[in-house]
Amino acid sequence: MTKLQSLRGMVDLLPDQTRRWQRVEKIARDQFLRAGFQEIRLPLIEATELFSRGIGETTDVVGKEMYTFLDKGERSCTLRPEGTASVVRAALQHGLLSQGPQRLWYSGPMFRYERPQAGRQRQFHQIGLECLGLSSARSDAEVIALAWSLLKGLGLKGIVLEINTLGSAEDRQKYRKKLVEWLSTHIDELDEDSQKKLQTNPLRILDTKNKATKKLLNEAPTIQSMLSQESELRFTEVQQLLKILEIPFEINHQLVRGLDYYGHTAFEITSDKLGAQATICGGGRYDGLIEQLGGPSTPAIGWAIGMERLMLVLEAIAIDEPNSAASEMAIPTNPELYIVNRGERAEKTALLIATKLRENGLLVELDSSGAPFGKQFKRANKSGATLAMIIGENEIEIGQCRIKHVKRFSDQEIDQALSLEDYESLVKFIRNSISNSSTKS
RNA sequence: GCGGGCGUCGCCAAGUGGUUAAGGCAGCGGCUUGUGGCGCCGCUAUUCGGGGGUUCGAAUCCCCUCGCUCGCCCCA
């Protein structure tokens, strides 16, 4: 029999990982809350059409990376490859846009059928936000600032914000024409891949990694030259605002992004600690998408952070700097109290006490092995608990339990006898002992 | 979809054609049903990702396949 294992590109997150994930998610949630963003939870499966219409037929995501299948009713269904299209769909379906601008965030798994590599999985997780119904350059700057301060707040170093403008739809139309004309005269100098894109999606030739093509592109016309005055002013304003916010950025006119719906501001945040897949956060303005999906013409902007990539960076930092916040996010939460217990009556009492103490907010691990005391103490030690409570037959006889420090051995044992029934005093005593123990150490 | 590297226990590994596949860590049990950091003893891969072939003999050689990994494409 072959060993059962997870599907290619599908990754399990074990407790070692989930600790850090939960802490990151909490920090993100708190920040979204403070910024007035509300959570939206969406299905993982959508009608295929949502993505083909929303993201663009010629994009790689739609063209070759979607998990698409027919359900039992013969409907074409797709595991969502990204979050924005679903957010827009939900907003339209429930009439959210008629209630004014929407500030929404989401998190969860996305699916793309690609060959896995460093920082890339078939099921991966994004945490993202979308701001629907606002068109100002200020909203661009605010949204970018949220991504930046979240990443900075998590302690990331060596990250770079790159921005570009893709202009209005008309600007892009004109530029596209000009670019195709120019590239056509240099078609022999283009790499094979870019030659194909010339037909399907010429703008995406701009962010090629092919060195020869890159060099050639230095001579090519830029989108800047084709911008309308409004588009140009808008981009300038975004830059000014980022400067006021003291967010460092680089302008990268080659930054295009692979989803068709982007226009005007597009941006990426990359890290030097990742391999070839260096983008942690990507986003931009998508003023045309909502209308394209059948809604009213509505401006919008958003971004998504790749959780796995973020975690990779955090792990790298944690290794470089063992005392950093990034490092602390991996430290497990140890029990405050470990209950060592043995004997029929003692075991019942211990279960009851564990429950009561937990109800009072303590972090309690109960040894339910029935093993000899020696074994239980070993486990108490390994659990990392601050205190151990001992309940055996003797304690039951006198109606008192004993509590001692786990981490300090012979010195400074508390080893106090306490009533088994007075939970209030127990809790108080435990709390005191823990705070004393942490101030002393 | 296309290239490169790699698959020996939960983890790190030795072994590169010859009888029973080292070792370390972790785990489990014992010394130790009333007290834990240490120590000592014992146990833990009928099998080397899987399948086929070559051979008297294969973890070692060949073929296929699966998986992992890095890169291309693209993206988070």
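Residue numbers start from 1 in every chain, and the chains themselves are labelled A, B, ... in the order their sequence lines are given, proteins ahead of strands.
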With a 3.5 angstrom cut-off on both distances, give the Watson-Crick or G-U wobble partner of B/rC2, or none if there isn't one. B/rG71

Tell me if the OH atom of A/Y113 is crowded by more than 12 foreign heavy atoms within 6.0 Å. no

Between B/rC72, B/rC70, B/rA76, spot the one nearest the side chain of A/A118, thanks. B/rC70

Under the 5.5 Å and 30° test, is A/F377 stacked on the base of B/rG36? no

Scan residues 266-274 of chain A against RNA chain B and write down, sorted by residue number, each residue with any heavy atom closer than 4.0 Å; if none is found, say none. none

When A/K382, A/K375, A/R379, A/R342 are each screened for salt bridge (Lys or Arg N to Asp or Glu O under 4.0 Å) with A/D367, the one that passes is A/R379

Over 12 non-hydrogen atoms of neighbours within 6.0 angstrom of CD in A/Q38: no

In whole Å, I'd like the distance from the CD atom of A/Q376 to the P atom of B/rC28. 14 Å

Classify the side chain of A/R204 versus the base of B/rC73 as yes if they form a donor-acceptor pair under 3.5 Å and no if they do not. no

Per A/R342 side chain, nearest of listed nucleotides B/rC73, B/rG34, B/rU33: B/rU33

Between A/R379 and B/rG36, is there a side-chain N or O to OP1/OP2 distance below 4.0 Å? no

B/rA76 versus B/rG17 - spacing of their C1' atoms, nearest Å: 49 Å

Pairwise C1' distance for B/rG50 and B/rU8, with rounding to whole Å: 14 Å

In whole Å, what separates the P atom of B/rG10 from that of B/rC62? 27 Å

Nearest nucleotide by nearest heavy atom, which residue falls closer to the 5' end of RNA chain B, A/P116 or A/G119? A/P116

Take atom CE of A/M10 and atom P of B/rU69, then tell me their distance rounded to the nearest Å. 13 Å

Between the base of B/rG37 and the side chain of A/N381, is there a donor and acceptor pair under 3.5 angstrom? no

Proximity to the side chain of A/R112 - top-ranked nucleotide from B/rA76, B/rU35, B/rC73: B/rA76

Using only modelled atom types and a 3.5 angstrom limit, is any donor from either the side chain of A/R120 or the base of B/rA76 paired with an acceptor on the other? no

What is the distance, rounded to the nearest whole Å, between atom NZ of A/K378 and atom C1' of B/rG27? 13 Å

Which residue lies toward the 5' end of RNA chain B, A/E393 or A/K375, if each is placed at its nearest nucleotide? A/K375

Scanning all shown strands, the Watson-Crick or wobble mate of B/rG27 with both distances under 3.5 Å is B/rC43

Tell me the interatomic distance from A/L129, atom CG, to B/rA76, atom C1', rounded to whole angstroms. 14 Å

Would you kindly check whether a donor in the side chain of A/Q121 faces an acceptor in the base of B/rA76, or vice versa, at under 3.5 angstrom? no

At what distance, to the nearest 0.5 angstrom, does OG1 of A/T265 lie from CG of A/D287? 9.0 Å

Please determine whether the number of non-hydrogen atoms from other residues, nucleotides or ligands lying under 6.0 Å from atom CD of A/E321 exceeds 12. yes

Could you tell me the separation between the CD atom of A/Q5 and the P atom of B/rG7, rounded to a whole number of Å? 17 Å

Is a donor-acceptor pair below 3.5 Å formed from side chain A/Q277 to base B/rG71, judging by atom type as modelled? no

Distance check: side-chain N/O of A/R115 vs OP1/OP2 of B/rU69, anything under 4.0 Å? no

May I ask which nucleotide in the shown strands pairs with B/rG18, Watson-Crick or G-U wobble, both distances under 3.5 Å? B/rC56

May I have the step-by-step check of side-chain hydrogen bond (donor to acceptor under 3.5 Å, both in side chains) for A/T68 and A/T78, ending in yes or no? CA-CA 4 Å; A/T68 296; A/T78 294; 2.8 Å; yes

Atom CZ of A/R8 and atom P of B/rU65: how far apart are they, to the nearest Å? 14 Å

Would A/R285 and A/S139 count as having a side-chain donor-acceptor pair, cut-off 3.5 Å? yes

Correct closest heavy-atom pair for A/Y175 and A/P221 would be OH-O, 2.8 Å

Once you apply a heavy-atom cut-off of 4.0 Å, does A/G392 come out as touching a base, just sugar-phosphate, or nothing? base

Whole Å only: how far is the CZ atom of A/R80 from the C1' atom of B/rA76? 13 Å

If you only use heavy atoms from C-beta on, which nucleotide in B/rG37, B/rA76, B/rC73 is closest to the side chain of A/K64? B/rC73

Would you tell me if any nitrogen or oxygen in the side chain of A/Q117 comes within less than 4.0 Å of OP1 or OP2 on B/rU69? no

P atom, B/rU54 versus B/rA22: distance in rounded Å? 29 Å

For the side chain of A/R122 and the backbone of A/E114, is there at least one donor-acceptor N/O pair under 3.5 Å apart? yes

Does the B/rU35 base have a donor-acceptor partner in the side chain of A/R402 within less than 3.5 Å? yes

Would you confirm whether the ring centroid of A/F37 sits within less than 6.0 angstrom of the ring centroid of A/W105? no

Per A/F373 side chain, nearest of listed nucleotides B/rG34, B/rC72, B/rA76: B/rG34

Taking atom P in both B/rA26 and B/rU32, what distance in whole Å separates the two? 23 Å

Atom P, compared across B/rC9 and B/rU47: separation rounded to whole Å: 13 Å

Taking atom C1' in both B/rA21 and B/rU16, what distance in whole Å separates the two? 14 Å

Any chance CD of A/E189 has more than 12 other-residue heavy atoms, nucleotides or ligands included, within less than 6.0 Å? yes

Look at the side-chain N and O atoms of A/K382 and state whether any lies under 4.0 Å from the OP1 or OP2 oxygen of B/rG27. yes

Write down the distance between CD (A/E162) and P (B/rA76), rounded to a whole number of angstrom. 14 Å

Suppose you measure atom P in B/rG30 against the same atom in B/rG36; what distance do you get, rounded to whole Å? 15 Å

Identify whether any heavy atom of A/E82 sits under 4.0 Å from a base atom; if not, whether one sits that close to sugar-phosphate; answer base, sugar-phosphate or nothing. nothing

